[in-house]
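The structure displayed is predicted, hence computed values, not measured ones. We count ligands from 1, going down the list as the structure has it; atoms in each ligand are counted the same way.
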Amino acid sequence: MREKIEEIIREAGALIRERFYLDKLITTKSTGIDLVTETDKEVELFLKARLGKLIPTSAFWAEETDSKFTKAEYLWIIDPIDGTTNFVHQFPFVCISVALQHDGRTIYGFVYNPILEEFFIAEKGRGAYRNGKRIYVSETRELSSCLMATGFPYDYKAEPNNMSHFDRMMEHVQGIRRPGSAALDLCYTAAGIFNGYWEFHLQPWDMAAGILIVQEADGVVLNTDGEEHHLTDKGLISGNKIIVEKMLEVFK
Ligand code: IPD
Ligand code: CA
Ligand code: CA
């Protein structure tokens with residue numbers, strides 16, 4: 001099953017790669033800076049058609065064409081392009097994010113960047129991998145040696161808009177990046193590149209695959225109340241256990 005899913009995602013990734021350096025047809029969604037391109041929709045439809053055939057009884061929770069939750073034994077949670085603004089501007093931090101849930105538990109997480117050729121995969125209980133090599137979160141214990149990642153909502157007026165959180169964290173760490181793809185931010189945290197990552201107002205398709213990848217890399221993903229994150233609209237905080245506790249302290 002894992003290989004078959006991987007193959008389908010690689011094929012979908014080729015569509016993103018082919019169009020990456022071309023002009024895109026862009027429309028906006030929730031706000032004037034929330035973009036969507038024809039490729040987002042095309043990739044999503046491709047994935048639904050092909051993944052649906054693998055498990056005929058499965059359902060979809062997908063950003064562009066199925067954004068309402070459906071209860072199902074097998075549920076695919078899909079972001080066809082995470083990092084659409086990057087895609088539009090040809091900044092190569094874009095990916096496809098696919099999670100598969102069984103009875104509400106994520107059993108697989110796939111995040112594929114077809115431009116940088118990085119494929120992150122986790123299977124529940126079997127570890128997390130980047131291009132076939134096992135990955136782990138960093139062992140850093142001090143915020144002062146951390147490179148953090150974060151993101152900001154498309155609606156600047158959303159509460160919180162992360163500005164004061166960014167400001168507070170800045171005082172404690174080596175640096176903060178805003179790469180523009182929540183799924184890859186989680187994967188880079190899983191690989192120990194970022195020592196921590198937080199963000200508010202994420203959608204399930206931004207984080208479902210990445211959360212499993214961090215957990216399988218021995219990391220933790222909590223909400224801003226310090227509980228395990230269950231794809232709700234609460235803020236997300238990730239990293240190793242010690243760093244996550246320290247991040248929660250900073251945000252208190
Ligand atoms: C966005 C990216 C971004 C995050 C936003 C997401 P999209 O997804 O993950 O990093 O800050 O919250 O909505 O729109 O590119 O699929
Ligand atoms: Ca997204
Ligand atoms: Ca998207």
Side-chain angles (χ1 to χ4, degrees), residues 9 12-13 15-16 19-20 24-48 60-67 76-99 109-116 118 120 148-163 165-166 169 176-190 193-194 196-211 213-214 221 223-224 229 231-238:
I9 295 171
L15 297 172
I16 296 177
R19 289 152 180 73
F20 190 70
K24 285 104 181 167
L25 193 67
I26 305 160
T27 45
T28 57
K29 297 196 289 183
S30 62
T31 69
I33 58 166
D34 183 3
L35 311 179
V36 60
T37 72
E38 53 194 338
T39 309
D40 294 65
K41 292 174 195 154
E42 192 185 344
V43 170
E44 183 161 308
L45 292 175
F46 175 89
L47 288 168
K48 282 171 74 178
F60 292 91
W61 200 7
E63 180 173 18
E64 310 302 345
T65 57
D66 252 320
S67 59
W76 300 98
I77 306 178
I78 299 179
D79 193 336
I81 301 182
D82 189 48
T84 297
T85 309
N86 291 342
F87 178 64
V88 166
H89 291 269
Q90 302 178 4
F91 179 65
F93 209 68
V94 298
C95 66
I96 294 171
S97 175
V98 174
F110 299 84
V111 174
Y112 177 43
N113 179 339
I115 313 302
L116 301 182
E118 286 192 305
F120 295 87
M148 297 295 191
T150 190
F152 298 89
Y154 289 126
D155 180 3
Y156 180 76
K157 293 206 174 86
E159 275 295 327
N161 70 4
N162 203 18
M163 286 299 173
H165 293 78
F166 186 93
M169 187 60 78
I176 308 179
R177 301 290 178 263
R178 195 289 188 240
S181 161
L184 284 171
D185 292 341
L186 282 162
C187 290
Y188 275 43
T189 303
I193 298 166
F194 296 138
Y197 161 67
W198 85 93
E199 185 159 349
F200 300 93
H201 310 294
L202 290 174
Q203 298 292 329
W205 42 80
D206 298 319
M207 54 182 160
I211 288 177
I213 292 168
V214 171
V221 184
N223 65 30
T224 32
H229 205 291
L231 305 183
T232 59
D233 56 4
K234 287 190 178 155
L236 175 153
I237 301 190
S238 64

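P153 places none of its side-chain heavy atoms less than 4.5 Å from the side chain of E199. Between V36 and T27 there is a side-chain heavy-atom pair separated by less than 4.5 Å. Side-chain contact between K41 and P80 is absent, with no heavy atoms from C-beta onward closer than 4.5 Å.
For ligand 1, none of its N or O atoms has an N or O atom of A183 under 3.5 Å away. Ligand 1 has no nitrogen or oxygen under 3.5 angstrom from a nitrogen or oxygen of G151. Note: an N/O pair closer than 3.5 Å links I81 and ligand 1 by distance alone. Ligand 1 has a nitrogen or oxygen under 3.5 angstrom from a nitrogen or oxygen of D79. In terms of N/O distances under 3.5 Å, ligand 1 is not approached by T85. Of the N or O atoms in Y154, one or more lie within a sub-3.5 Å distance of an N or O in ligand 1. Residue contacts with ligand 1: T84 is placed with a nitrogen or oxygen under 3.5 Å of a nitrogen or oxygen of the ligand (distance criterion only).
A donor-acceptor pair is defined here as one N or O able to donate and one able to accept, closer than 3.5 Å; no such pair exists between the side chain of H201 and the backbone of Y154. Side-chain N or O atoms of N86 include one that pairs as donor or acceptor with a backbone N or O of P179 at under 3.5 Å.
Only the backbone of F152 comes within 4.0 Å of ligand 1, counting heavy atoms alone; no side-chain atom from C-beta on gets that close. Only backbone heavy atoms of S181 (N, CA, C or O) come within less than 4.0 Å of ligand 1; its side chain stays farther off. No part of Q203 comes within 4.0 Å of ligand 1, judged by heavy-atom distances. Counting heavy atoms closer than 4.0 Å to ligand 1, residue E64 contributes nothing at all. At a heavy-atom cutoff of 4.0 Å, ligand 1 is contacted by the side chain of D206 but not by its backbone. Using a 4.0 Å cut-off between heavy atoms, E199 contacts ligand 1 through its side chain alone, with no backbone atom that close.
In this view, T39 satisfies the side-chain hydrogen bond (donor to acceptor under 3.5 Å, both in side chains) rule with no residue, not counting sequence neighbours. Listed by chain and residue number, nothing satisfies the side-chain hydrogen bond (donor to acceptor under 3.5 Å, both in side chains) test with T31 (two or more places apart in sequence, or in another chain).
Within the structure, salt bridge (Lys or Arg N to Asp or Glu O under 4.0 Å) contacts touching residues 177-189 (residues at least two apart or in different chains) do not occur.
For atom 10 (O) of ligand 1, the candidate residues are G210, G83, G180; the nearest heavy-atom contact is made by G180.
Excluding waters, the set of protein N/O/S atoms under 3.0 Å from the Ca ion (ligand 3) reads E63 OE1, D79 OD1, I81 O.
With 3.5 Å as the limit, one finds no donor-acceptor pair spanning the side chains of N223 and T232.
Ion pairing between K48 and E64 fails under the 4.0 Å rule for side-chain N and carboxylate O. At a threshold of 4.0 Å, the pair E42-R19 counts as salt-bridged, since one of the basic side-chain nitrogens sits closer than that to a carboxylate oxygen.
For the ligand labelled ligand 1, residue D40 lies outside the 4.0 Å heavy-atom shell. Distances from ligand 1 to the non-hydrogen atoms of P153 include no value under 4.0 Å.
Note: I237 CD1 to T189 OG1 = 12.0 Å, rounded to the nearest 0.5 Å. Separation of atoms CD1 (I16) and SG (C95) is listed at 8.0 Å; rounding is to 0.5 Å. Of the inter-residue distances, the one linking T65 atom OG1 with F60 atom CZ reads 8.5 Å to the nearest 0.5 angstrom.
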